Structures are given as structure tokens and as C-alpha cells.
Amino acid sequence: MTRRTTPPFRADHVGSLLRPQALLAARAQHASGELSAEALTAVEDASVRDVVRMQEDVGLQTVTDGEFRRTSWHMDFIYQLGGVAKTDEKLMVHFRNADGELDFESAALKVHDRVTLTDTIFADAFTFLRDAANTVQTPKLTIPSPSMLHYRGGRAAIDDQVYPDLDAFWTDLTDAYAEEVRRLGALGCTYLQLDDTSLAYLNDPAQRAMVTAQGGDAEHQHETYIRNINAALRDRPPDMFVTTHMCRGNFRSSWAAEGGYDFVAEALFTRLEPLRFVPPGKMVVLGLVTTKQGALEDKDVLKRRIDEAAKFVPLEQLCLSPQCGFSSTVEGNVLTYDEQVAKLALIVETAADVWT
């Protein structure tokens with residue numbers, strides 16, 4: 001079995017990477033007014049070049065910019081959609097880890113007008129990454145799925161004077177996404193990843209109870225999301241490969257939801273993309289290496305887990321990656337740069353052992 005030459009790759013990663021200290025310091029200086037926007041961009045550019053070379057040195061076939069220009073993996077995108085604005089209220093997501101609990105807080109959002117796309121979101125970030133990558137690396141851009149705009153606030157965040165009927169909201173949103181995808185393809189993006197926590201969250205009974213309390217249809221909301229993700233991708237270029245990353249939340253080495261994927265699995269794997277529902281031709285990237293702690297996994301254990309997955313899905317339909325990003329928000333998870341690099345190297349080495 002030879003290594004793959006198209007995404008997703010046998011050894012892949014989710015996208016976000018730990019921000020270097022120089023970049024964190026520059027962001028703090030910019031926030032306090034001590035550093036100009038141009039000077040911050042110069043630090044970002046240098047940091048992206050460095051992290052691109054790191055991914056090359058590790059042996060990854062794909063490369064991201066680590067999401068170094070973002071504060072949050074999703075809100076930086078969502079706030080740039082026309083018709084969406086920050087509010088004075090706070091959006092709170094409750095997380096937990098082995099040591100306790102903590103909360104992620106950001107400005108809440110409001111859909112105050114028709115959802116549109118004006119400027120191509122992350123265009124400059126992608127073209128810089130494209131030009132910084134070498135000729136054998138495939139630049140990957142990560143963006144939140146359209147589901148995330150709805151899940152973060154539900155019906156209450158959507159002005160009912162603008163959208164008395166949510167079908168019109170979904171039409172506008174998926175039209176905006178379809179145009180974003182088209183424009184990204186024109187810029188040369190051949191590997192696009194839609195990040196979506198909502199599909200994993202909805203497996204958790206506590207999350208479904210929250211959706212019900214908001215007036216949503218917890219039993220069928222995932223089906224609405226899948227249908228609209230497909231609509232957003234309806235006109236993607238033929239040479240663009242699209243993956244969907246799902247997880248239960250990732251903030252400072254903590255998670256928000258729990259449970260298996262059984263509740264959404266059949267609809268997810270048969271209409272969009274537990275493993276027994278995966279149809280022929282679909283690829284599954286197994287997130288078997290944690291990004292929430294620095295201890296390195298045992299390669300033989302990883303191989304055994306891949307073997308277990310291969311009982312449900314043919315080995316040629318499987319790939320390996322971390323279970324999430326290393327820094328979904330600017331704060332990053334609780335591990336060191338060297339530990340991060342060691343985990344990426346382990347994924348590359350394990351994939352080489354398994355698939356070549």
C-alpha cells in the first residue's frame with residue numbers, strides 16, 4: 001500500500017499549532033498600542049515561515065499556518081461574514097479536564113442582517129501560506145463549518161425580523177459559504193477543512209438538553225447541519241479535497257462534550273462523509289494522538305488501535321492524525337513546542353510503518 005498523494009494524507013494534522021512566544025509577545029504589544037499592525041504582521045509572517053519549515057522537517061505532506069493570525073479557530077471567521085456582529089453580551093462555553101473545570105468566554109454574536117460574503121475570508125492568510133510552502137507540500141486552510149454560526153447562538157442569535165423563517169437564513173449562509181469556497185479554489189486552495197464541534201457535541205445528552213432548552217430540535221438538528229454543509233460545498237472546484245474535523249471541544253487542554261458518535265454516526269457518514277457506517281470511498285482520519293498533554297503515545301499502541309479500526313473500515317480508507325489542534329485558541333494547550341513536534345513526528349513515523 002503506497003502513501004497517498006491527495007488529501008487527506010496518511011499522516012495529517014488538524015491545523016492549529018502552538019503560538020511561539022515571540023508572536024504572543026507581539027500580539028500583546030499590539031493590543032496595548034505599543035506595536036503597529038504592520039509590525040505585528042511582520043512577526044506573524046516570520047512565525048508562519050518558521051512553522052511551515054517545521055512541518056516540512058517533520059515529514060508532513062500537508063502544511064498549515066498554525067492558525068497563527070487568529071485568536072479563535074472559528075470566531076475570527078464568523079465575525080467576518082456580512083450580517084454578523086459581535087454583541088456586548090458574552091458567549092460562555094463550559095470546559096472540563098482531569099484537574100477541574102474552566103470556561104471559554106468571547107463576545108457573543110448576533111445575525112442582525114442578511115448573511116453575505118464581502119471580502120474573501122482568510123484570503124491573505126492562505127496566499128501567504130501557499131507561497132511559503134514548498135512544491136511538495138499541500139497547503140491546507142481550515143475554516144469553521146456553517147453549522148457553527150447557528151450552534152453558537154441558536155435561534156435567539158438570529159434576528160427574527162431579518163429571518164422570520166430559518167430556511168432563508170440557511171439559504172443565505174450556504175450561498176455565502178459556496179462563494180467563499182469558490183473564491184478559495186480560485187486562489188489555489190486544493191485542501192479545505194471544515195471544523196465542526198457541533199456534530200460531536202450533539203452526541204452528548206447534556207448538549208442535546210441545552211439545544212432543547214433553547215427551543216431547538218435536538219433529535220434532528222444534526223441532520224439540518226449535514227444538509228447545509230453539503231449545500232455549502234455544492235460548487236466546490238473538482239480539484240479541491242474537503243475534510244470535516246469533529247471533536248468535543250479543545251481549550252487549554254480541556255473538552256466541552258463527552259460520549260461516542262453513535263447518535264450522529266449513521267447520518268454523518270452516509271450523508272456527509274461509529275465506523276461501521278462508513279461507506280466505500282470515504283476516508284476516515286483517526287485522531288489517536290492527544291494534543292491535550294505532552295506525554296508521547298506508544299507507537300505499538302497506535303498500531304493496535306489502527307488495526308481495531310480496520311475491522312470496521314478497510315485500512316486503505318484510514319489515515320492518522322492528532323485528535324484535535326494544539327492551539328484552537330491563542331492560549332494553546334498545556335504542552336511544549338518540543339512535545340508538539342515529537343507528536344507530529346510520531347504520527348509520520350507510525351503512518352509510514354502502517355501504510356508503506
Side-chain angles (χ1 to χ4, degrees), residues 3-27 29-30 35 38-71 73 76 122-143 184 187-193 195 241 243 245 285 287 289 291 294 296-297 319-322 324-333 335-353 355-356:
R3 76 177 193 165
R4 288 177 57 81
T5 57
T6 57
F9 298 102
R10 297 299 183 194
D12 219 311
H13 76 88
V14 171
S16 67
L17 296 163
L18 295 173
R19 276 57 160 178
Q21 287 303 312
L23 177 56
L24 292 174
R27 289 177 67 101
Q29 290 176 318
H30 175 65
L35 194 69
E38 294 77 13
L40 174 60
T41 297
V43 176
E44 290 173 339
D45 290 350
S47 299
V48 170
R49 290 191 189 97
D50 288 344
V51 85
V52 165
R53 297 286 80 81
M54 180 274 283
Q55 292 167 83
E56 177 184 12
D57 292 343
V58 165
L60 290 162
Q61 292 173 261
T62 189
V63 61
T64 76
D65 65 0
E67 302 176 9
F68 281 2
R69 304 181 197 274
R70 307 184 206 180
T71 298
W73 64 275
D76 289 55
F122 298 159
D124 291 345
F126 175 76
T127 54
F128 186 90
L129 172 66
R130 179 199 65 195
D131 296 342
N134 67 34
T135 56
V136 298
Q137 292 173 305
T138 299
K140 175 167 73 171
L141 182 65
T142 65
I143 65 174
L184 291 173
L187 293 175
C189 179
T190 60
Y191 190 1
L192 180 67
Q193 176 177 293
D195 291 331
F241 294 84
T243 55
H245 167 67
V285 183
V289 175
T291 62
L296 198 61
E297 286 78 0
C319 302
L320 177 65
S321 81
C324 201
F326 288 91
S327 189
S328 298
T329 62
V330 69
E331 293 86 356
N333 283 349
L335 72 167
T336 68
Y337 173 85
D338 289 342
E339 289 170 336
Q340 170 187 254
V341 173
K343 284 178 177 280
L344 293 174
L346 175 64
I347 289 165
V348 172
E349 294 165 9
T350 304
D353 287 352
W355 283 287
T356 58

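Quantities reported herein were computed from a predicted structural model and do not represent experimental measurements.
- If you take CG on L17 and OG1 on T64, they are separated by 4.5 Å, rounding to the nearest 0.5 Å.
- Heavy atoms only, all atoms of each residue included: T291 and P322 are closest at CG2-CB, 3.5 Å.
- Atom CZ of F68 sits about 8.0 Å away from atom OG of S327, to the nearest 0.5 Å.
- Looking only at distances, a side-chain donor or acceptor of Q61 sits under 3.5 Å from a matching main-chain atom of R4.
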Going through the distances and angles, do T356 and R10 end up as a side-chain contact (heavy atoms from CB on, under 4.5 Å)?
CA-CA 10 Å; T356 58; R10 297 299 183 194; over 6 Å; no
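- The two residues P8 and V285 come nearest to each other via the heavy atoms CB-CG2, 3.7 Å.
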As a quick check of understanding, evaluate side-chain contact (heavy atoms from CB on, under 4.5 Å) for H13 and I347, giving each step before the final call.
CA-CA 9 Å; H13 76 88; I347 289 165; 5.7 Å; no
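- Without hydrogens or angle criteria, E56 side chain to V52 main chain gives no donor-acceptor distance under 3.5 Å.
- Applying the ring-ring contact (aromatic ring centres under 6.0 Å, His included) rule to F126 yields no partners; only residues at least two apart in sequence or on another chain are considered.
- Counting heavy atoms from C-beta on, the side chains of K343 and F326 come closer than 4.5 Å.
- Contact of the P7 side chain with the T138 side chain is registered, since non-hydrogen atoms from C-beta on lie closer than 4.5 Å.
- Summarising the geometry, atom CD1 belonging to I143 is positioned 8.5 Å from atom SG belonging to C189; distances are rounded to the nearest 0.5 Å.
- Here the rule is salt bridge (charged side-chain N to carboxylate O under 4.0 Å, His left out) with K140, and of D195, D65, D12 only D12 fits it.
- One finds a salt bridge joining D45 and R69 here, because a Lys/Arg side-chain nitrogen approaches an Asp/Glu carboxylate oxygen to under 4.0 Å.
- The nearest pair of heavy atoms linking S328 to S16 is N-OG, 3.4 Å.
- Surrounding CG of D124 are at most 12 heavy atoms belonging to other residues, nucleotides or ligands under 6.0 Å away.
- Between L187 atom CG and T190 atom OG1 the span is 12.0 Å, to the nearest 0.5 Å.
- Side-chain contact of T142 with E67: a donor-acceptor pair under 3.5 Å is present, judged by distance alone.
- Here CE of M54 is found 5.0 Å from CD of Q340. Values are rounded to the nearest 0.5 Å.
- Although no hydrogens or angles enter the test, the distance criterion places a donor-acceptor pair under 3.5 Å between the side chain of D76 and the main chain of T71.
- Rounded to the nearest 0.5 angstrom, F9 CZ and W355 CH2 are separated by 14.0 Å.
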Stepwise, does the side-chain contact (heavy atoms from CB on, under 4.5 Å) test hold for L40 with R27?
CA-CA 7 Å; L40 174 60; R27 289 177 67 101; 4.1 Å; yes
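- Here the side chains of V330 and R19 are in contact, with some heavy-atom distance below 4.5 Å.
- In plain terms, the two heavy atoms of V289 and E297 that are nearest each other are CG1-OE1, 3.4 Å.
- Residues T243 and Y191 form a side-chain contact, since some pair of their non-hydrogen atoms from C-beta on lies under 4.5 Å apart.
- When the side chain to side chain contact (heavy atoms under 4.5 Å, CB included) test is applied to V43, the partners found at least two apart in sequence or on another chain are L23, A26, S47.
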Would you sort out whether L18 and L335 count as a side-chain contact (heavy atoms from CB on, under 4.5 Å), showing the intermediate values?
CA-CA 9 Å; L18 295 173; L335 72 167; 4.3 Å; yes
